[in-house]
Engineer: 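First the structure, which I've put down as structure tokens, then a few questions once you've had a look.
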Number of protein chains: 2
Amino acid sequence: MYPRSLQDLIENFRRLPGVGEKTAERYALAVSDMDEAAAKEFARSIETVKTQLTRCRICGNLSDQEECAICSNQERNHRLIFVVQSAKDVIAMEKTGEYNGVYHVLNGLISTSKGVMPEDLNLDTLLVRAKEADEVILATSTTMDGETTAMYLNKLLKEKCPSVLVTRIAHGLPAGGLLDYADEMTLAHALSDRRQIG
Amino acid sequence: MYPRSLQDLIENFRRLPGVGEKTAERYALAVSDMDEAAAKEFARSIETVKTQLTRCRICGNLSDQEECAICSNQERNHRLIFVVQSAKDVIAMEKTGEYNGVYHVLNGLISTSKGVMPEDLNLDTLLVRAKEADEVILATSTTMDGETTAMYLNKLLKEKCPSVLVTRIAHGLPAGGLLDYADEMTLAHALSDRRQIG
């Protein structure tokens, strides 16, 4: 019902995650209302991401260079590796300002339901890096697939790099979490992983 | 914290209505995961909308041609004009399949708070068209600005085109609307605009 050019744009917006018809319409109409320079810049930035953005050859993080800004920063502790599922997790962790080590981005999680196998993940370089590291922190999510992946990596690292310390990020109540709103798994973890105070 | 090219794309997505930082990140990462042809097509469709999409010279609706598909359709009743705020409203009405007249898109509403004056709206051609029409249906929203615009148009049309019948779309309870959930304005309208049954 929309003119062809607008309909095309609506369909392109619908490919984005979580975008339904109404939202895609709103976005496409917003683009049609943008001034021409802004729309051109938008189109250009989409093409640039595809042509310039690549994976860091060391950690697998998204990068415009062959090595990402974190891996090429010599002030960071390269003997401490924080293993995450995706580039988004790197940003989330960087925002805390609490971590000075490096990362390893798996670009996925082992998932029997989705048919993702260990060989689909960015693992080869992890083993090479772990041999030179003091500690590998497994920071995949505490979901089923995240736990499966962490268990698999723990076993693999213990086998191939026996000298490295393998740790898992803590499970427990989130900050501001109310006890009676927490699910049973979270509560059970919060109990079993309790720590002595002071 | 993201690579430059990705950060640029995130900022472009943030210009879309209702898109915050998290959502823009998700969209930009989705684009970086698209295959190259899909991303190129997305970029192209944004540029095409800006170069091809225009306003129908008769009704002001969005169109790829000088005259929109509705205005150039001779099977529609060109003596019945449905006046709406935006192109989205045309689509919403067309989806009902209940209307065979033509439209007039104001591309805005008179708004004292936003400083939108009658001269900012697509009104000149409406007066010309109304002179040739049997009925003009004022179908701006039942919001403050929509009502203000409808009142203004009613006065203007009565003055300049005294022979045309000017009507307003019905106010009342929406389909499936529960009486005790309706606001007072809606209920008052539903009462005052009640109709005899059968």
Side-chain angles (χ1 to χ4, degrees), chain A residues 1-13 15-19 22-23 25-56 61-65 68-70 86-88 90-95 107, chain B residues 1-13 15-19 22-23 25-56 61-65 68-70 86-88 90-95 107:
Chain A
M1 288 204 232
Y2 280 111
R4 187 73 253 151
S5 62
L6 197 64
Q7 192 61 47
D8 279 351
L9 184 55
I10 290 170
E11 277 155 30
N12 274 294
F13 274 121
R15 293 196 198 146
L16 296 175
V19 174
K22 278 271 172 194
T23 308
E25 280 176 17
R26 203 166 67 233
Y27 291 168
L29 288 169
V31 169
S32 80
D33 281 342
M34 279 181 186
D35 61 61
E36 204 164 324
K40 271 225 163 82
E41 156 62 17
F42 190 3
R44 192 204 51 77
S45 71
I46 288 175
E47 292 207 55
T48 308
V49 154
K50 285 313 291 181
T51 51
Q52 283 197 8
L53 202 64
T54 178
R55 300 275 174 199
C56 170
N61 191 10
L62 291 170
S63 173
D64 282 338
Q65 260 86 46
C68 75
I70 295 167
S86 78
K88 264 186 287 196
V90 173
I91 302 295
M93 194 61 191
E94 286 295 287
K95 279 181 183 161
N107 288 316
Chain B
M1 289 205 235
Y2 280 112
R4 188 70 254 152
S5 63
L6 197 63
Q7 192 60 46
D8 278 352
L9 184 54
I10 290 169
E11 277 154 30
N12 274 295
F13 273 121
R15 291 195 200 147
L16 296 174
V19 175
K22 279 272 173 196
T23 307
E25 280 176 17
R26 203 166 68 235
Y27 291 168
L29 288 168
V31 168
S32 81
D33 281 342
M34 278 181 186
D35 61 61
E36 203 163 323
K40 271 225 164 81
E41 155 63 19
F42 190 2
R44 192 203 52 75
S45 71
I46 288 175
E47 293 207 54
T48 308
V49 153
K50 284 312 293 183
T51 52
Q52 283 197 9
L53 201 65
T54 178
R55 301 272 173 201
C56 168
N61 191 11
L62 289 170
S63 172
D64 281 338
Q65 260 87 46
C68 75
I70 295 168
S86 78
K88 265 186 285 196
V90 173
I91 302 294
M93 194 62 192
E94 285 296 286
K95 280 181 182 161
N107 288 315

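Keep in mind that what you see is a predicted model, and the values were worked out from it rather than measured.
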Engineer: Return the set of residues passing salt bridge (charged side-chain N to carboxylate O under 4.0 Å, His left out) with Glu25(B) (not counting sequence neighbours), or none when no residue passes.
Structural biologist: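 Salt bridge (charged side-chain N to carboxylate O under 4.0 Å, His left out) list for Glu25(B), sorted by chain: Lys95(A).
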Engineer: If you tally heavy-atom pairs under 4.5 Å against chain B, which of Ala39(A), Ala43(A), Ser86(A) wins?
Structural biologist: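 Highest number of pairs under 4.5 Å: Ala43(A).
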Engineer: Taking the side chain as every heavy atom from C-beta outward, state whether Leu16(A) and Met34(B) have any atom pair closer than 4.5 Å.
Structural biologist: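 They are in contact (side-chain heavy atoms under 4.5 Å apart), so the answer is yes.
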Engineer: Output the option from Leu9(A), Val19(A), Val90(A) having the highest count of non-hydrogen pairs under 4.5 Å with chain B.
Structural biologist: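 Among Leu9(A), Val19(A), Val90(A), the one with the most close pairs to chain B is Leu9(A).
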Engineer: Where does Leu29(B) contact chain A at under 4.5 Å (heavy atoms): side chain, backbone, both or neither?
Structural biologist: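 Looking at Leu29(B), just its side chain touches chain A.
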Engineer: A side-chain contact here means heavy atoms from C-beta on lying under 4.5 Å apart; do Lys40(B) and Thr51(A) qualify?
Structural biologist: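 The answer is no, as the side chains (C-beta and beyond) never meet within the 4.5 Å cut-off.
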Engineer: Going from CD1 on Ile91(B) to CD1 on Ile10(A), what distance comes out if it is rounded to the nearest 0.5 angstrom?
Structural biologist: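 Those atoms lie 7.5 Å apart.
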Engineer: Is chain B contacted by the side chain of Asp35(A), its backbone, both, or neither, given a heavy-atom distance below 4.5 Å?
Structural biologist: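 The answer is the backbone of Asp35(A).
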Engineer: Measure the shortest side-chain to side-chain distance between Leu6(B) and Asp64(A) over non-hydrogen atoms and say whether it is less than 4.5 angstrom.
Structural biologist: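 A side-chain contact under 4.5 Å is absent here.
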Engineer: I need the residue from Glu41(B), Arg4(B), Glu94(B), Lys88(B) with the largest number of non-hydrogen atom pairs under 4.5 Å to chain A.
Structural biologist: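 That would be Glu41(B).
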Engineer: Would you tell me whether Ser45(A) and Asp8(B) have side-chain atoms, one donor and one acceptor, within less than 3.5 Å of each other?
Structural biologist: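 The criterion, which ignores hydrogens and geometry beyond distance, is not satisfied for Asp8(B) and Ser45(A).
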Engineer: Please state whether the side chain, the backbone, both or neither of Ala69(A) comes within less than 4.5 Å of a heavy atom of chain B.
Structural biologist: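 Contact with chain B: none, neither part.
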Engineer: How long is the straight-line distance from CD1 of Ile46(B) back to CZ of Phe13(A), given to the nearest 0.5 Å?
Structural biologist: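 Answer for the CZ-CD1 pair, Phe13(A) versus Ile46(B), is 5.0 Å.
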Engineer: A side-chain contact here means heavy atoms from C-beta on lying under 4.5 Å apart; do Tyr2(B) and Leu53(A) qualify?
Structural biologist: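 Sidechains of Leu53(A) and Tyr2(B): no contact.
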Engineer: Which of the residues Glu11(A), Glu36(A), Gln65(A), Arg26(A) is involved in the greatest number of heavy-atom pairs with chain B at under 4.5 angstrom?
Structural biologist: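 Winner by heavy-atom pair count: Arg26(A).
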Engineer: Among Gln52(B), Glu47(B), Lys50(B), which one satisfies side-chain contact (heavy atoms from CB on, under 4.5 Å) with Ser5(A)?
Structural biologist: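 Exactly one pass, corresponding to Gln52(B).
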